[in-house]
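Chain letters run A, B, ... following the sequence lines, proteins first and then strands; every chain starts at 1.
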Amino acid sequence: MLIINCPYCGPRDQCEFTNGGEAHVTRPKNPENISDQMWAEYVFFRSNPKGIYYERWVHSHGCKKWFNSVRDTSTDEIIKVYKIIDKKPLPKEFKNKIKTPSGEPKVGSGNFTVKK
Amino acid sequence: MKRKYSIFSILKNAISGHENWQKMWRSPEPKKSYDAVIIGGGGHGLGTAYYLAKEHGLTNIAVIEKGWLGGGNTGRNTTIIRSNYLWDESAGLYEHSLKLWETLTQELNYNVMFSQRGVMNLAHNEHDIKEIKRRVSANTLNGIDSKWVSKEEIQKIVPIMNTDNLRYPVLGASFQPRGGVARHDTVAWGFAMRADEMGVDIIQNCEAHKILIENGKTIGVETSKGIIKSKKIGIVASGHTSILAETAGIRLPLQSKPLQALVSEPIKPVINTVVMSNAIHAYVSQSDKGELVIGAGTDGYNSFTQRGGFDVIEDTIRAMVELYPCFGKMKMLRQWGGIVDICPDASPIISKCDIEGLYFNCGWGTGGFKATPGSANVFAHTVAKDEPHAINAAFNLDRFVTGKLVDEHGAAAVAH
Amino acid sequence: MQSKDNKNSSFILFHQSINFFFDGVKYKGFKGDTIASALIRNNINFVGRSFKYHRPRGIYTCGIEEPNALVQIISEYGEPNTRATIKEIYEGMEVESQNRWPSLDYDFGSINSLLSPLFTAGFYNKTFMRPRGFWKKVYEPIIRKAAGLGKPPQPYRTKSTHFHHHVDVAIVGGGLSALLALKSFIGSEYQVLLIEKDSNLGGILNNSNKISKIFGKESSLWLKETLEEISTSSNIKILTNTLVTNYNYINHLIAIEDLVVGTKPLENIPDQVLHKIRADQVILANGHIERLISFRNNDLPGVMLASSFEKYIERYGVIPDVNPVIFSNNSSTLSLLKTLVDLSCKPQAYIDSRPGNKLEKDLLNVIHENNIPLFTNAKIEGCQGKKKIEEVSVRDSKGNITKIKTNKLCISGGLNPDVHLFTQSKGVLIWDDQYLTFKPDTPFQNTIVIGSAGGIFNYGDLGKDIDKKLKFLNLKQLGKIEFDLIESNDFFIEKLWEVKHEKKSPWSKSFIDLQNDVTTNDLRQGIKEGFDRIEHLKRFTTNSMGTDQGKISSINALGIVSEILKKKISEVGTTIYRPPYAPLSFSSIAGRNTYEFYDPERKTPIHEWHKKNGAVFEDVGQWKRPWYFESKPDESFEEAVQRESLHVRKYAGVLDGSTLGKIEIKGRDALEFMNLIYTNSFSKMKPMTARYALMLKEDGMVMDDGIVSKISNEHFIATTTTGGAANVLSHMEEFAQTEWPHLNVYLNSVTEQFCTFNISGPNSRSILKKVFKDINFDNQNFPFMTFGNYKYIDSKINILRASFTGEIGYEIYVSPSMALALWEDLFRFGEDHGLIAYGTETMHLLRAEKGYIIVGQDTDGSVTPYDLGLEWMIGKNKEDFIGKRSLSRPDTIRNDRKQLVGVIPTDKKNIIEEGQHIILSRNYKPPIKMLGHVTSSYMSPNLNHSFGMAVIQDGKKLINSKAYISSSKGESFEVEIIKPIFFDKNNERLMS
């Protein structure tokens, strides 16, 4: 189980939180004027990267506040936690440990057990 | 050379001290180009290659696999097979698959140990009853064996179940007698062996890095073993499918989440059917080896780590001991996780896309194993003919734009 | 030969004898004995049958790694597969052997052993294929019956406890290196938790005589003093009898504590505690495991690991055999040899696969001084015997065979750091060429591995190594620890995974996985068949998939495979170690959150009244709601609902609607927020009025409904469905916080701040007039969908005129503390007016007669407002609301979508069933084209026939036509499709 550092309450066990999917997906300002494709992008399509991932959490069994985090989905390390109103940290702040798109990090993924 | 298995082949080999068994598949190096390349060496991918070769005469093809055959969700699931789905589209797909399962052992001459011991879905409240009765009716009209069973009948089928003395009593269930379980690995191995026999190159430890596109057409794939050219590429990489799609500039509405499962220590037969409860989340069957095979829930966040939280295991186990008091003294032997790729409507994508020659078979969520032969069969058709089979036409990628979803979340769990 | 007590052992209380039963026979052991040590004391070695071939099996080890000695504890609810090597006996304990029928000695299943040349890896996959139906009916039942180990246990419903720890440092293991590390934490600022699986701390100091002195003191004295010193330090906590099984993400450990070591568990008192530990730093000091060597019949009862043999002597006070044969490929067996001769036991022979000139001097001295027959550069080729070893065959370097009569063979194939937990933590291993084993290399988490768990087998390095690894914590330094050893400081092992068979017979077997009956030939065959990846080989042969997870053999398997493939072992790699480290009981995982604590029951303040008045409850989410009321004891569900439904339309009824979700929405921008969340427009709505409102998801599908009451543009109260309350609030919160943080709006759940009573029926107004004498309930003054704030006694209440039954009705919102008083008042004043309490089923029936939908019953996540005929609820002039854009997608604007209609049977005697489907023809031969399904159906006492609501394809067009409906009886009948309203179509009763 992860430990998530709620920006309002401090570190808590993950079971207190609910994941809210990808962060920084903005609801279109003028839905009526955009194409079906664009609307579908907003409703159904979310990034699903292996590696650096911007996501939302809500402290649902706590302060009920929504906030964002940056997590490495290949190891589940939470690299940064920040408030909804904070600026999106740039990807270059974080080092992607994955060499190929679908590859595994050498340590931590569990798919490498032995050093060669 | 065709490998023929029977008690006689075993006798023959036993006499020669089991020294003369043949390899089930070759380990070839990739050729420069193929007529089609399937990315993903799980059951669905290997099955696709098998049907491409067998039914569509495409034998100059390759299956490339990042790790080892059947090492992903094929080898990690709880092997439940059933076709009692609500919507006509899903029922058609899963029933097609179930029918293939029924003859797969003979088809492959390899025992996939498909055990039609029946699958039961429990109702714990009035809402469940309504939802299940609707599904049973739809199944019946679709020609799928599915019936409502009362609490008394459940007690006969599963005597160890505690139906009354629990927080959410068991009120009834749907039962599909033709449903059951199979031995997961053998499906992948059987398809691999027979595909290999027909000339399919199965290339393990070959990771796909990038789909190569030129002028809107698929031209090949860049892999850890170099560039492999092909005008047709089928991606069947479950949790990693969307990552590969992204390299071709295609976004898929998939989210990859951890799903855990566990087995108990082996005991003598104690439960002779598959029992599933959505309401309290407890899926169980007993393997031929005697282990209780138990499915836990998904964790609510994206992850590629193949592991989930212990709280999910806890939730599942407490539901198990609630339903089966004699499991209190059982012990968990192994737990593990897989990565499931989930679509917004909980139905798969078996589809072409805007790029010519690029095909997807993904989004199976928590239920892909049961579909293995059916999915492979219709996907092979889609890849070979460049158009969907009637059975998978509804599972296209466009549906997220048009809104014509196949919502298999079931009757949304909202009670009044 | 015979076993013999070693009375020097201080862990066994020889004065306290204990009687226990094994397979119905009474035996005597002593306090402190495990089942295994007690059986050995009684010269019982044959304790079980193997999984596949049903071969006789004996006690192989002295601990958690045991593959063979698994037993069923009859006196503990028949707990199966318990390791005899760790479970302590108590007076009257009943134990049974497993996987044999009818008895251990005469096992029917041992016929499998005769057929064993056929039953090699992959056997099941290649046979039993024809005829097709035989798998289910014939083959599988036989296979299943033969498989499995123990029998299913008895029901056991005792709740275990979960215990949480948050510490700076968790030390896993309580052996020598753990205690040394712990010493440096004495008096430090760190909170330390040490977890040891044994009941005693000390590990190797208790289990062997390898270390005779530490700093010149007898090691037992050193241990005693160290433990005393540790006990003075208040920052250190120690858990014994506790095994760490899982090493999860962020140093989260799961450990299981056995509370009833050596005593019979009491009924309904938990026998285990599950500890959940979070630590900043985990120190793994969980030691090592000895591995076996494969040779012909290496599974016969009598073969035992050498260190286990020594542990039985030292830790459990029993010498399993006074004249064993020892077979080793490494220097670790010296201490066993020394122990035996010190106890005047002379091993029959010492066989070492290493060349004589490379053997340790100390070893040679002991052997020569005691005239022990020595075979160097020699191997045990196999052993003979039926249910125990009778004789072993030694093959020397020239190939000569010497046969030695013996009943006991101690083997050592080398030592493996116990890396299970380290790999669970996702650390990476590295191959060690000196010790021929994998050891931890790169940790992924804050993990430190010390002692033999970390591959440090040289005692001289121990102190320095711990100092180095803990340096960053600024602790006391241990410095060099002075040991007097019966052990070589230069560990020397020769590679030996398997001894080739002398005899070539299809029946001779050398085992790699004892529990799962995997032979070394199975590995060979697997590779021949193409399973040359270790994970494939594991699955094909089931190697290391038993309850011991191959603890004593998995490295050997890798060794054998690497030789066949001519690859380095590090290239072969390991399979992934799966948690838990050792099997973890279901009841301990389930913890206390079962049965009455499984899920809270939510009850309204009127619950007891309902119970007294004959309510039968249904579960709606966590809520207990009255489903119907039994007016007399033998009234059936159907009778009660018919009675209630008639009665409410004739007189009056009240429903306890307190479970409805209630959300308060406040703030400067509340109006704008509400207009975005709901389909309706609230802009022109007058204060103190209410509106039926609909909420969509962004995909345009109906999510929830309820009544929105407007107090002002800055203040609304919305009700939700009972089951949807939590979801609706989170949905609102999500948009308020993430999409529209600029809107000034606050949300608050007030579900439990108000009880809600829905009173309806023609007499409801008269009743309320009597209860609230000051309020004017006349139609003009209190029209439909208006509300007001009033007082009941001293408490503020709201009354809203609304109805879900189609009768004139009111919803009263009252504080929970006054709720029961008001409820009883309603009945006091309502008695003369025929007021009854009614349940949810009547509510459902009455609303269906009016064609009102229930979200989740008449909708299923694929239904738009247009499909329901609720286009009037969509605010026409609103630019945007959640889900609006989705309503104009190609599929949602289709005219022939599934739409809500009413259905009534043409022949009124027919009963429409919920969930059945509307079809076009009477023909009933599947597959049948379905138009849609009946979402709600009831027998109406007001219409005197059955009716239903249905969602069917192109429904609006089909109104006033006829179709058929399926039934659970497997036949169809004709129905009329009508508009979905069945009663009081002009709403005259509602508005009166």
Side-chain angles (χ1 to χ4, degrees), chain B residues 5 7 10 14 17-18 21 23-25 68 71 105-106 110-111 115-116 125-126 130 133-134 137-138 141-143 167-168 185-186 265-270 288-290 310 314 317-318 320-322 325-336 402-404 407 409 411-412 414-416, chain C residues 77 79-81 117-118 120 125-127 129 136 140 143-144 147-153 155-157 525 528-530 533 535 539 547 578-579 583-587 589-590 593-594 598-599 618-620 721 723-724 854-856 860-862 889-892 915-917 926-928 930 933:
Chain B
Y5 295 135
I7 189 71
I10 291 181
H18 297 285
W21 288 106
K23 278 204 188 321
M24 282 182 70
W25 48 78
W68 36 282
T105 287
Q106 287 73 29
Y110 200 59
N111 196 345
S115 166
Q116 292 183 287
N125 55 46
E126 289 298 310
K130 288 180 203 291
K133 286 196 167 167
R134 173 188 177 191
S137 165
L141 297 175
N142 267 323
R167 173 67 180 85
Y168 296 111
D185 294 325
T186 57
E265 294 187 330
I267 52 167
K268 297 290 175 192
V270 66
D288 286 340
K289 206 181 159 194
F310 193 74
E314 251 176 68
I317 297 286
R318 68 195 185 93
M320 294 306 303
V321 299
E322 180 101 348
C326 73
F327 290 174
K329 278 284 177 190
M330 292 297 297
K331 299 185 208 92
M332 174 167 83
L333 175 56
R334 278 193 307 275
Q335 62 168 102
W336 64 91
T402 64
K404 198 169 171 46
D407 194 335
H409 289 109
V414 182
H416 205 91
Chain C
Y77 304 87
E79 181 177 310
N81 306 333
L118 302 179
T120 57
N125 304 332
K126 295 170 191 158
T127 50
M129 289 185 274
K136 182 185 171 184
E140 191 184 37
I143 291 169
R144 285 191 66 190
L149 287 167
K151 291 178 214 148
Y156 177 76
R157 300 194 73 165
Q525 185 195 329
K528 279 218 165 71
E529 293 199 48
R533 281 160 180 83
E535 291 278 6
R539 284 160 173 80
T547 66
R578 302 286 184 207
L584 191 54
S585 90
F586 278 12
S587 65
I589 299 170
N593 299 330
T594 54
Y598 184 80
D599 209 12
E618 73 160 326
D619 287 311
V620 182
T721 57
I854 290 184
V855 174
D860 63 1
S862 68
R889 292 176 300 165
D891 193 64
T892 41
Q916 293 296 332
H917 286 75
I928 301 163
M930 291 166 261
H933 77 292

Any idea which of B/Ile7, B/Ile10, B/Asn125 has the most non-hydrogen atom pairs under 4.5 angstrom with chain C? B/Ile10
Heavy-atom pairs under 4.5 Å with chain C are the metric here; pick the option from B/Lys133, B/Gln116, B/Met330 that has the most. B/Met330
Minimal heavy-atom distance between C/Pro80 and B/Glu265, with the atoms involved, is O-OE1, 3.8 Å
Donor-acceptor pair, side chain of B/Arg318 and main chain of C/Asn593, under 3.5 angstrom: yes
Scored by heavy-atom pairs under 4.5 Å with chain B, the best of C/Thr547, C/Thr892, C/Thr594 is C/Thr547
One option among C/Arg889, C/Arg533, C/Glu79, C/Glu535 has the most heavy-atom pairs under 4.5 Å with chain B, and it is C/Arg533
Testing the 3.5 Å rule here: is there a donor-acceptor pair between the side chains of B/Ser137 and C/Gln916? yes
Less than 4.5 Å to any heavy atom of chain B: does that hold for the side chain of C/His917, its backbone, both, or neither? both
Nearest-0.5 Å distance, NZ of residue B/Lys331 to OG of residue C/Ser587: 10.0 Å
With chain C, which of B/Gly290, B/Pro269, B/Gly403, B/Pro266 has the greatest number of heavy-atom pairs at distances under 4.5 Å? B/Pro266
Under 4.5 Å, counting heavy-atom pairs only, tell me which of B/Thr105, B/Asn142, B/Thr186 racks up the most with chain C. B/Asn142
More than 12 heavy atoms of other residues, nucleotides or ligands under 6.0 Å from NZ of B/Lys130: is that the case? yes
Are B/Arg134 and C/Asp860 packed together at the side-chain level, in the sense that at least one heavy-atom pair is separated by less than 4.5 angstrom? yes
What part of B/Asp185 gets closer than 4.5 Å to chain C, counting heavy atoms only: side chain, backbone, both or neither? side chain
Would you call B/Lys329 and C/Ser585 a side-chain contact if the rule is heavy atoms closer than 4.5 Å? no
Choice from B/Arg167, B/His18, B/Gln335 maximising heavy atom contacts with chain C below 4.5 Å: B/Arg167
Using the test side chain to side chain donor-acceptor pair (under 3.5 Å), find all partners of B/Ser115 that sit at least two apart in sequence or belong to another chain. B/Arg117, C/Glu140
CE of C/Met930 to CG of B/Leu141: how many Å apart, nearest 0.5 Å? 5.0 Å
Residue among B/Phe327, B/Trp68, B/Tyr5 with most heavy-atom pairs under 4.5 Å to chain C: B/Trp68
Would you mind telling me which of C/Ile928, C/Asn125, C/Thr120 has the largest number of heavy-atom pairs within less than 4.5 Å of chain B? C/Asn125
Pairwise side-chain contact, B/Asn111 with C/Thr127, heavy-atom cut-off 4.5 Å (strictly under): no
How close do B/Cys326 and C/Pro153 get, heavy atom to heavy atom, and via which atoms? O-CG, 3.1 Å
Under 4.5 Å heavy-atom distance to chain B, tell me which part of C/Arg539 shows up: side chain, backbone, both or neither. both
If you round to the nearest 0.5 Å, how far is CD of C/Glu529 from CE of B/Met24? 7.0 Å
Portion of C/Lys528 that has a non-hydrogen atom of chain B nearer than 4.5 angstrom: both
B/Val321 and C/Ala590 have their tightest heavy-atom pair at CG2-CB, 3.6 Å
Answer key: most heavy-atom pairs under 4.5 Å with chain B among C/Gln525, C/Arg157, C/Lys136 is C/Gln525
Taking the side chain as every heavy atom from C-beta outward, state whether C/Ile589 and B/Glu314 have any atom pair closer than 4.5 Å. yes
Looking only at heavy atoms, what is the nearest atom pair of C/Ala147 and B/Asp288, with distance? CB-O, 3.2 Å
